[in-house]
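What follows is a single structure, written as structure tokens, with notes after it.
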Amino acid sequence: MNKKLLSLVLVAALAMSLLAGCGSKEEPKTTTAAAADTTAAAADNETEAPADTTAAAGDETTAAAAGGNTTGETIRVGYAQVGHESDWRTANTKNYQDVFSADNGYELSFVDCDNDNAAQLEAVRGFIQQELDYIVIAPIETAGWDTVLQEAQDAGIPVIIADREIDAPDTLYDAWVGTNTKNEGITAANWLAEYLDGKEANILVIEGSVGASATLGRTEGFNEVAAEHSEWKILDSQSGDFTQAGGQEVMESFIKSYEGQFNVVVCQNDNEAYGAMDAMKAANITYGVDGDVIIISFDATHDGLQYTLDGAINCNVECNPIQAGVVEEVIQAMAAGSDYEKTTLVNDEAFVAPGITSEYATTMTEDILAGRAY
């Protein structure tokens, strides 16, 4: 009898007796979350993300203050996180630590896998050996998950895939929660077409980490729209690994190869955009609303939206990191034996600098920025 069935039997027996009486790679670090630091912290498959349900998780306060564990017993959750490569990832980690806290009735085993795919597989196997109640995975790469997911299934441990997607049969995991990264790419390209209104675009792309579903999705979505515009040319596309240093390094290389030839830079997350801006500033290349180069970014973190408000980033497409509350709802439904959605999309928006109006994005304001803690 697996441990979940045994637990149900014991609970039922207790209920009957009461009636008779009257849910550079360092070694990955595993930590158990109690009360997380409350300081606000300021990054995913080439197939379109499933769209059975859209979760209104844009309000991070509501998401972080989800219902809490109602089972009466501590629920042990393992979270295999991608790493700490970006502000987005930092915000996502803090969200999980806030939601799956001891005060909320959870014991969180958290592993920062430092963008090491082998370490992430090892972390998941560690969760299985610990016989945790639930496993949540933000996959570094899309491929190579079948074996370890089968191991979790054989152990009777439900698995939720979060944030990014994987190339594996959906029978091998129990639920998926995340954003539609292909649609993010489509939104960015649709905005660019609207903004240019038929003008030429010579585009440089700083992609995210190789093999990540966010990279694949945003690239596919953007290229799908770009193919409809004969006046657009993608000059080059290279990985900046979702980091500021990577974005700066790639942009410096682009400037040497394409100086004076480009007027659009697409960065697949905010941190890459910061690095690209540093490189262009050093080369005396102007960018943003009043510059010669249009910058498109993804994530829409607090700092990214500050740059958007300042006009340095023209368009910033959100990838919402506040997802743990939705994952908790799935776990609570599982724990209660209730129905739950197999796939849940977390809401995204897009924002443009002041002075720009768009069918595809909201004009950035001080009030919008003030409401963003991540």
Side-chain angles (χ1 to χ4, degrees), residues 40-44 48-49 51 53-64 86-88 91-92 95 163 178-197 199 201 203 214 217-218 221-222 224-226 264-274 276-277 287-291 293-323 325-326 344-374:
D44 253 21
E48 186 171 341
T53 301
T54 299
D59 182 347
E60 64 199 292
T61 303
T62 300
S86 65
D87 295 346
W88 190 101
N92 181 255
N95 181 226
D163 169 33
T179 64
N180 190 328
T181 57
K182 180 180 177 181
N183 275 357
E184 292 166 11
I186 290 172
T187 297
N190 280 337
W191 172 81
L192 182 62
E194 176 190 56
Y195 187 68
L196 290 174
D197 192 23
K199 297 184 180 71
I203 305 166
R218 289 169 189 165
F222 188 89
E224 187 176 285
V225 177
V264 179
V265 174
V266 178
C267 302
Q268 290 190 346
N269 84 334
D270 283 341
N271 288 81
E272 289 178 341
Y274 309 154
M277 289 188 290
Y287 54 83
V289 172
D290 297 321
V293 177
I294 296 166
I295 294 184
I296 296 173
S297 185
F298 293 85
D299 280 0
T301 59
H302 183 277
D303 288 353
L305 290 180
Q306 179 68 67
Y307 279 113
T308 307
L309 182 64
D310 294 341
I313 292 175
N314 299 73
C315 178
N316 203 328
V317 182
E318 182 182 43
C319 178
N320 197 327
I322 308 303
Q323 303 178 8
V326 182
T344 307
L345 281 175
V346 178
N347 278 339
D348 281 332
E349 296 182 73
F351 302 91
V352 288
I356 301 173
T357 57
S358 173
E359 173 186 351
Y360 302 100
T362 300
T363 302
M364 194 61 199
T365 66
E366 291 279 5
D367 287 342
I368 293 173
L369 184 65
R372 313 280 287 199
Y374 60 86

### Query
Is a donor on one side and an acceptor on the other found under 3.5 Å between the side chain of Asp348 and the backbone of Val317?
no
### Query
Under 3.5 Å, side chain of Tyr274 to main-chain N/O of Gly304, donor-acceptor pair present?
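Between the backbone of Gly304 and the side chain of Tyr274 there is a qualifying donor-acceptor contact (under 3.5 Å).
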### Query
If you measure only the distance, is there a donor-acceptor pair under 3.5 Å linking the side chains of Asn190 and Glu194?
no
### Task
Indicate whether the side chain of Asp270 and that of Asn316 have a donor and an acceptor atom separated by less than 3.5 Å.
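Asn316 and Asp270 do have a side-chain donor-acceptor pair below 3.5 Å.
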Do you know which two heavy atoms are closest between [X] and [Y], and how far apart they sit?
X: Phe298; Y: Cys267; value: CD1-O, 3.2 Å
X: Asn92; Y: Pro321; value: ND2-O, 2.9 Å
X: Val225; Y: Ala189; value: CB-CB, 3.4 Å
X: Ile295; Y: Ala312; value: CD1-O, 3.8 Å
X: Val326; Y: Thr344; value: CG1-CG2, 3.7 Å
X: Ile186; Y: Glu224; value: CD1-OE2, 3.9 Å

Spacing of [atom1] belonging to [X] relative to [atom2] belonging to [Y], to within rounding of 0.5 Å:
X: Glu184; Y: Glu318; atom1: CD; atom2: CD; value: 8.5 Å
X: Asn271; Y: Gln268; atom1: CG; atom2: CD; value: 13.5 Å
X: Leu309; Y: Thr363; atom1: CG; atom2: OG1; value: 11.0 Å
X: Ile296; Y: Thr308; atom1: CD1; atom2: OG1; value: 11.5 Å
X: Cys319; Y: Asn183; atom1: SG; atom2: CG; value: 12.0 Å
X: Asn320; Y: Thr179; atom1: CG; atom2: OG1; value: 8.0 Å

### Query
Does some side-chain heavy atom of Asn314 sit less than 4.5 Å from a side-chain heavy atom of Tyr195?
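They are in side-chain contact.
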### Message
Cys315 and side-chain contact (heavy atoms from CB on, under 4.5 Å): which single residue from Ile356, Val266, Val352, Thr187 fits?
### Response
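That would be Val352; it is the only one of Ile356, Val266, Val352, Thr187 passing the side-chain contact (heavy atoms from CB on, under 4.5 Å) with Cys315.
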### Task
Could you please spell out the steps behind the salt bridge (Lys or Arg N to Asp or Glu O under 4.0 Å) verdict for Asp299 and Arg372?
CA-CA 12 Å; Asp299 280 0; Arg372 313 280 287 199; over 6 Å; no
### Message
Applying side chain to side chain donor-acceptor pair (under 3.5 Å), can you list everything that pairs with Glu349, at least two apart in sequence or on another chain?
### Response
none
### Query
Is the OH atom of Tyr287 crowded by more than 12 outside heavy atoms at less than 6.0 Å?
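More than 12 within 6.0 Å, yes.
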#### Entry: Step-by-step side-chain contact (heavy atoms from CB on, under 4.5 Å) determination, Ile313 to Phe351
CA-CA 10 Å; Ile313 292 175; Phe351 302 91; over 6 Å; no
